[in-house]
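Let me begin by presenting the structure, written as structure tokens, before commenting on it.
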Amino acid sequence: MGHAWRPLAVAFAFILLILIVRIFVVPSDFMAKNGDYKYQWHRVSNEKDWKDFPVGYRGREFCGQCHPDKLEAINKSKHRKVECENCHVLPEAKKSTHPVNLQKSYKYKFIIGINKTRHLCLRCHQKLPYRPSVYRNFAKPVEFKMQDGEKHNPGMPCITCHDVHKASFK
Amino acid sequence: MNRRDLLKAGLVAVAGMVIPLNALEVFDDEAKAAVKAAIEMVPKKRRWAFVVDTRKCVGCGMCVKACKMENEVPFDADVSRTWVERYVVLKDGDVLIDSPKEARYGYTKNDPMGREIKEDEIAKGFFVPKLCNQCEKPSCVQVCPVGATYKTEDGVVLVDRTWCIGCGYCIMNCPYQARFFHPVYNTAEKCTFCYHRITKGMKPACVQACAFGVRKIGMLNDPNSEVFQIVMNERVMVLKPETGNEPNVFYIGLDKIVR
Amino acid sequence: MTEVHGQLWTIKQLFTYPNEYIYWTVHIALYPYITGLVAGAFVLSSLYHLFGKKELRPVSRFALVFSFALLLVAPMPLLFFHLLHPERAFNVFFTPHYYSAIAAFGLVFSVYGLIVASEIWFAYRPHFIAQSQSRKGIMGLIFKVLTLGSYDLDERTAHIDEKAVKFLAAIGIPSACFLHGYVGFIFGSVKTVAMWKSPLMPVIFLMSAIISGVALCIWTYILGMKFFRREICTDTVRSMGRVLAWFIILALTLEMLDFVFHGYTAEESWSILSKIIFGKFKFKIFVLQWGLGMLLPIILLFIPKLSTIRAFVASTCVLIGVWMMRWDVVIGGQSMSKSLAGFMKYKMPIWPHTFEEFREGLFSVILLLILPFIFLCIFNKFTPVFTEKKCNFDTEEAH
Ligand code: SF4
Ligand code: SF4
């Protein structure tokens with residue numbers, strides 16, 4: 001009868017092998033946190049990996065450290081809810097024209113510059129039939145300014161006449 | 001068989017039926033509790049939640065741009081952790097839906113699905129921002145064969161980039177298609193509610209970038225948070241409730257045509 | 001532009017979510033196809049061992065060894081061609097998450113592989129021992145390893161071996177069914193894809209697995225016999241043909257039932273699902289999968305006095321039909337957007353210009369389809385499969 005168990009012995013050898021390799025390969029903090037095997041079976045230290053992911057967007061206070069005048073102007077304007085980085089981060093630029101090397105001195109992740117295209121302004125202000133015409137993010141609702149980019153001085157950069165930081169004419 | 005026997009047999013039969021039924025009532029409370037938990041608005045555990053007010057969204061796509069930059073998803077790749085959809089209903093009943101380039105450049109033309117539409121043909125239209133719903137019962141996590149994706153204690157679903165084998169099972173199993181393969185790491189990728197920001201007391205990049213107050217984040221079980229106030233006091237809706245995923249992203253102003 | 005996984009072969013139509021691509025491609029169709037062949041071939045070999053269908057003896061050993069060759073190839077499309085991180089494939093064994101159908105599949109698959117391997121070992125033990133004693137050099141060494149160090153060979157051990165083969169065949173059938181039913185479950189449990197979400201899916205996959213496996217055995221048996229210039233046993237072919245025909249009827253009934261049910265209950269997704277079934281995939285489903293792959297073989301097999309040629313044609317049709325079924329399920333299911341408002345078209349890369357195009361393209365599929373036959377040829381050196389010289393079913397040991 002003895003020989004009949006040999007395949008089973010081979011099988012156990014395989015299982016043993018996997019269990020041994022497992023000890024070396026699987027991180028020691030891999031577990032079902034809170035006993036929740038269904039949704040929390042993971043390497044616990046990965047939570048920390050994600051918490052340590054570098055922050056990119058810094059908000060207006062970061063820019064205001066060197067540009068207090070701009071910050072003050074925009075805080076008084078109707079553009080006070082618009083972050084600097086919305087317009088000044090250039091996703092497709094290769095090199096920064098900013099005089100201070102933000103990457104080096106502040107570990108800043110993005111490339112900053114000035115985007116003078118009409119397209120940038122039209123992202124919010126192009127008149128679309130289904131674009132809300134009332135702005136509701138201030139204490140009191142106000143009318144939201146929209147223009148038809150094809151009819152309103154086509155071809156001319158918006159900043160010829162408008163001052164974005166004051167949200168009014170120059 | 002005489003009448004008395006019949007009566008006796010009948011009594012025994014009825015008793016025999018009633019006793020097991022009574023025994024079942026032991027489970028009744030448990031069943032009730034389970035049903036109650038499923039329809040409760042506010043969970044007992046700490047939960048990050050999100051509110052999207054679609055009535056205010058103008059479709060500028062600044063959130064998409066901010067998200068792609070913040071989370072290092074290549075800007076020119078045709079995938080995104082968050083995106084904005086445009087819904088336009090014409091007077092003849094046609095529904096046009098699109099989301100060109102996930103709206104990373106915003107909507108600057110009246111060209112739903114590439115069609116030139118006259119203003120007087122349109123009955124209604126609106127924009128709907130989308131992101132991962134950080135589901136209470138994430139079907140994506142359930143199917144990961146290796147435990148590379150999981151839910152944190154505060155309710156955010158994350159992916160371990162060092163452990164994901166890239167099978168795509170979770171991508172298939174997300175009803176909202178919030179997942180995709182990261183073009184650089186080749187692992188499953190999804191919105192994290194900017195876990196690195198919210199755990200430091202900051203707001204997610206998309207919330208900060210939205211000048212219109214469409215996006216809000218907060219703790220769902222914290223009565224002081226704006227999210228709690230909205231979820232408790234206003235009529236909110238979630239996407240695809242029939243999937244049973246129990247999303248933690250709540251929408252104001254949804255329409256039946258929203259997918 | 002940064003190329004996204006899936007962009008290469010997905011064409012989007014109408015409204016699909018931005019992140020939506022065909023993520024499960026041809027390899028995910030190939031994987032249940034080969035797994036199905038494994039299960040089918042094994043069931044065929046067990047029909048002889050378990051139910052003593054004598055006329056199947058000439059193919060029983062062949063079916064068993066072929067099943068093992070296919071088994072080795074079955075996970076390859078998934079592990080080495082589909083995964084974006086194939087080097088981490090073993091994570092499935094290291095940190096299995098059994099809530100996932102794929103993790104559980106790893107376990108079921110390994111158990112099944114062990115059953116088949118042990119059955120082969122018991123069936124070929126006398127051969128291994130004889131060879132290990134007569135052969136020299138490398139081959140002798142390999143045979144020595146194959147004996148697992150046991151050299152007793154008498155009436156008693158022969159009796160035990162026979163019993164072990166019977167026993168393994170007996171537990172092998174349910175585990176083969178479980179294996180392939182499980183593959184069906186992987187699809188049937190995806191609640192986001194309307195075409196897959198059905199409790200019938202495991203049974204449908206099981207039936208089509210059996211027919212494809214039996215068909216492949218008929219096909220390879222006829223070709224193999226021709227190749228080695230041996231006599232093809234008509235009774236053997238007819239018996240396999242009968243098994244095939246009855247299972248096709250079952251498979252067809254279930255597949256039709258599934259569609260009828262989707263259509264009759266007409267849930268939200270039906271409006272777009274029906275456009276897939278009766279529109280974009282109507283030729284593939286109704287003509288290739290059902291017409292060519294099932295109805296034609298049924299007719300061919302049920303006409304009395306089944307000839308070898310007819311059996312060969314019928315089994316070829318079944319093989320094509322079942323492949324189309326896998327394709328229609330995997331690609332068809334993903335062709336409708338989860339938004340229920342758009343479609344995706346799959347365009348398989350043909351000529352490989354980049355590694356990605358090879359990996360996801362036609363040539364890796366061809367490679368994977370040839371591989372089982374290469375394995376079979378190699379195994380044939382150690383476990384000769386066609387040992388019967390004549391078609392004589394009455395004597396107990398013909399060789
Ligand atoms: S929305 Fe999708 S990816 Fe996010 S938790 Fe839910 S199922 Fe998972
Ligand atoms: S792609 Fe990665 S995270 Fe998603 S199921 Fe597969 S292993 Fe898990």
Side-chain angles (χ1 to χ4, degrees), chain A residues 26-27 30-34 36-47 49-60 79-83 85-87 89 91-92 109-111 118-132 134-138 144 146 148-150, chain B residues 55-62 65-66 68-72 75-76 86-88 104-110 117 119 122 124-127 137-138 141-142 144 147-153 156-163 192 194-197 199-200 202 205 208-214:
Chain A
V26 177
F30 207 109
M31 61 178 189
K33 213 173 172 190
N34 303 320
D36 180 1
Y37 179 54
K38 190 170 186 183
Y39 294 131
Q40 297 187 36
W41 172 244
H42 67 295
R43 178 170 65 86
V44 175
S45 50
N46 184 245
E47 289 171 31
D49 296 352
W50 278 112
K51 281 181 192 163
D52 293 344
F53 193 84
V55 168
Y57 258 68
R58 305 277 176 104
R60 65 178 78 245
H79 273 163
R80 61 182 176 270
K81 298 271 183 179
V82 182
E83 291 290 347
E85 283 152 308
N86 279 5
C87 303
V89 168
E92 274 140 331
K109 290 208 295 192
F110 309 139
I111 290 176
R118 286 167 70 87
H119 177 264
L120 180 65
C121 304
L122 292 177
R123 287 177 75 147
C124 296
H125 294 289
Q126 163 70 37
K127 189 164 175 50
L128 296 175
Y130 31 79
R131 193 159 256 175
V134 181
Y135 185 79
R136 297 176 187 278
N137 208 22
F138 297 145
F144 185 54
M146 287 191 283
D148 187 344
E150 269 158 43
Chain B
R55 298 169 307 181
K56 292 181 184 166
C57 180
V58 302
C60 64
M62 285 300 176
K65 176 181 168 187
K68 286 197 126 180
M69 299 303 292
E70 173 77 25
N71 293 300
E72 298 174 17
F75 194 76
D76 56 354
R86 164 168 64 185
Y87 291 80
V88 178
R104 72 179 96 120
Y105 301 112
Y107 293 90
T108 53
K109 274 211 188 79
N110 182 21
I117 305 285
E119 208 175 316
I122 295 173
K124 63 175 172 182
F126 43 86
F127 298 98
K137 293 179 181 147
V141 174
Q142 186 181 353
C144 177
T149 182
Y150 59 94
K151 209 165 106 132
T152 62
E153 276 156 332
V156 177
V157 175
L158 300 175
V159 181
D160 186 344
R161 282 181 182 164
T162 64
W163 207 251
T192 59
C194 284
Y195 203 57
H196 55 295
R197 297 172 69 96
T199 47
K200 291 188 189 78
M202 303 164 87
Q208 194 170 5
C210 184
F212 297 83
V214 173

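Excluded from the calculations below are hydrogen atoms, water molecules and symmetry mates; all remaining heavy atoms, backbone and side chain alike, are included. Every chain is numbered from 1 and lettered A, B, ... according to where its sequence line falls, protein lines coming before strand lines.
Residue B/Asn71 touches chain A through both its backbone and its side chain, counting heavy-atom pairs closer than 4.5 Å. Neither the backbone nor the side chain of A/Lys127 has a heavy atom closer than 4.5 Å to any heavy atom of chain B. Contacts of A/Tyr37 with chain B are absent, with no heavy-atom separation under 4.5 Å from either backbone or side chain. At a 4.5 Å heavy-atom cutoff, the contact between A/Asn86 and chain B is made by backbone and side-chain atoms alike. Interface remark: A/Lys109 contributes side-chain atoms only to the contact with chain B (heavy atom separation under 4.5 Å). When heavy atoms are compared at a cutoff of 4.5 Å, A/Asn34 approaches chain B solely by way of its side chain, counted from C-beta outward. With a 4.5 angstrom heavy-atom cutoff, B/Val88 touches chain A only via side-chain atoms. Of the two parts of A/Phe144, only the side chain, counted from C-beta on, holds a non-hydrogen atom closer than 4.5 Å to a non-hydrogen atom of chain B. Interface remark: A/Arg58 contributes backbone atoms only to the contact with chain B (heavy atom separation under 4.5 Å). Proximity to chain B (any heavy atom under 4.5 Å) is restricted, for A/Leu128, to the side chain, taken from C-beta onward. Heavy-atom distances place both the backbone and the side chain of A/His119 under 4.5 Å from chain B. Both the backbone and the side chain of A/Tyr39 have a heavy atom closer than 4.5 Å to some heavy atom of chain B. Of the two parts of B/Thr108, the backbone and the side chain both hold a non-hydrogen atom closer than 4.5 Å to a non-hydrogen atom of chain A.
Looking at every heavy atom in both residues, B/Lys151 comes nearest to A/Gln40 through O-CG, 3.2 Å. When all heavy atoms are compared, the tightest approach of A/Val89 to B/Met69 is CG1-CE, 3.8 Å.
Between A/Glu47 and B/Tyr150 there is a side-chain heavy-atom pair separated by less than 4.5 Å. Between A/Phe53 and B/Glu72, some side-chain heavy-atom pair lies under the 4.5 Å cut-off. In this structure the side chain of B/His196 never reaches within 4.5 angstrom of the side chain of A/Asp52, judged on heavy atoms. Put simply, the side chain of A/Pro91 reaches to within 4.5 Å of the side chain of B/Lys65, judged on heavy atoms. Inter-residue side-chain proximity for B/Phe212 and A/Cys124 is flagged as met; some heavy-atom pair is nearer than 4.5 Å.
Chosen from B/Gly59, B/Ala148, B/Cys57, B/Ala66, the residue pairing most often with chain A at heavy-atom distances under 4.5 Å is B/Ala66. Heavy-atom pairs under 4.5 Å with chain B were tallied for A/Trp41, A/Tyr135, A/Trp50, A/Phe30; the largest tally goes to A/Trp50. Here B/Asn110 is the residue among B/Thr149, B/Ile122, B/Asn110 with the most heavy-atom pairs under 4.5 Å with chain A. Between chain A and the residues B/Arg86, B/Lys124, B/Met202, the most heavy-atom pairs under 4.5 angstrom are made by B/Arg86. Of all the listed residues (A/Arg131, A/Lys81, A/Gln126), the one sharing the greatest number of non-hydrogen pairs under 4.5 Å with chain B is A/Arg131. For the options B/Gly125, B/Gly106, B/Gly147, B/Gly213, heavy-atom pairs under 4.5 Å to chain A are most numerous at B/Gly147.
The neighbour count for A/Glu92 CD, taken as heavy atoms of other residues, nucleotides or ligands under 6.0 Å away, is above 12. Surrounding CZ of A/Arg80 are more than 12 heavy atoms belonging to other residues, nucleotides or ligands, all under 6.0 Å away.
Not a single donor-acceptor pair under 3.5 Å links the side chain of B/Trp163 to the backbone N or O of A/His42. One N or O on the side chain of A/Asn137 and one on the backbone of B/Ala211 form a donor-acceptor pair closer than 3.5 Å. A distance-only check finds a donor-acceptor pair linking the side chain of A/Arg123 to the backbone of B/Gly61 [under 3.5 Å]. A donor-acceptor pair under 3.5 Å is absent between the side-chain atoms of B/Glu119 and the main chain of A/Pro129, judged by distance alone. With A/Glu83 contributing its side chain and B/Ala209 its backbone, the two residues share no donor-acceptor pair below 3.5 Å.
Under a 4.0 Å N-O distance rule, the pair A/Glu150/B/Lys109 does not qualify as a salt bridge.
For the atom pair A/Leu122 CG and B/Cys60 SG, the distance stands at 12.5 Å (nearest 0.5 Å). Rounding to the nearest 0.5 Å gives a distance of 3.5 Å between CG of B/Asp160 and CG of A/Asn46.
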Go through A/Arg43 and B/Thr162 one step at a time and tell me if the side-chain hydrogen bond (donor to acceptor under 3.5 Å, both in side chains) criterion holds.
CA-CA 10 Å; A/Arg43 178 170 65 86; B/Thr162 64; 3.1 Å; yes
Pair A/Tyr130, B/Phe127 - check ring-ring contact (aromatic ring centres under 6.0 Å, His included), show working.
CA-CA 8 Å; A/Tyr130 31 79; B/Phe127 298 98; 5.8 Å; yes
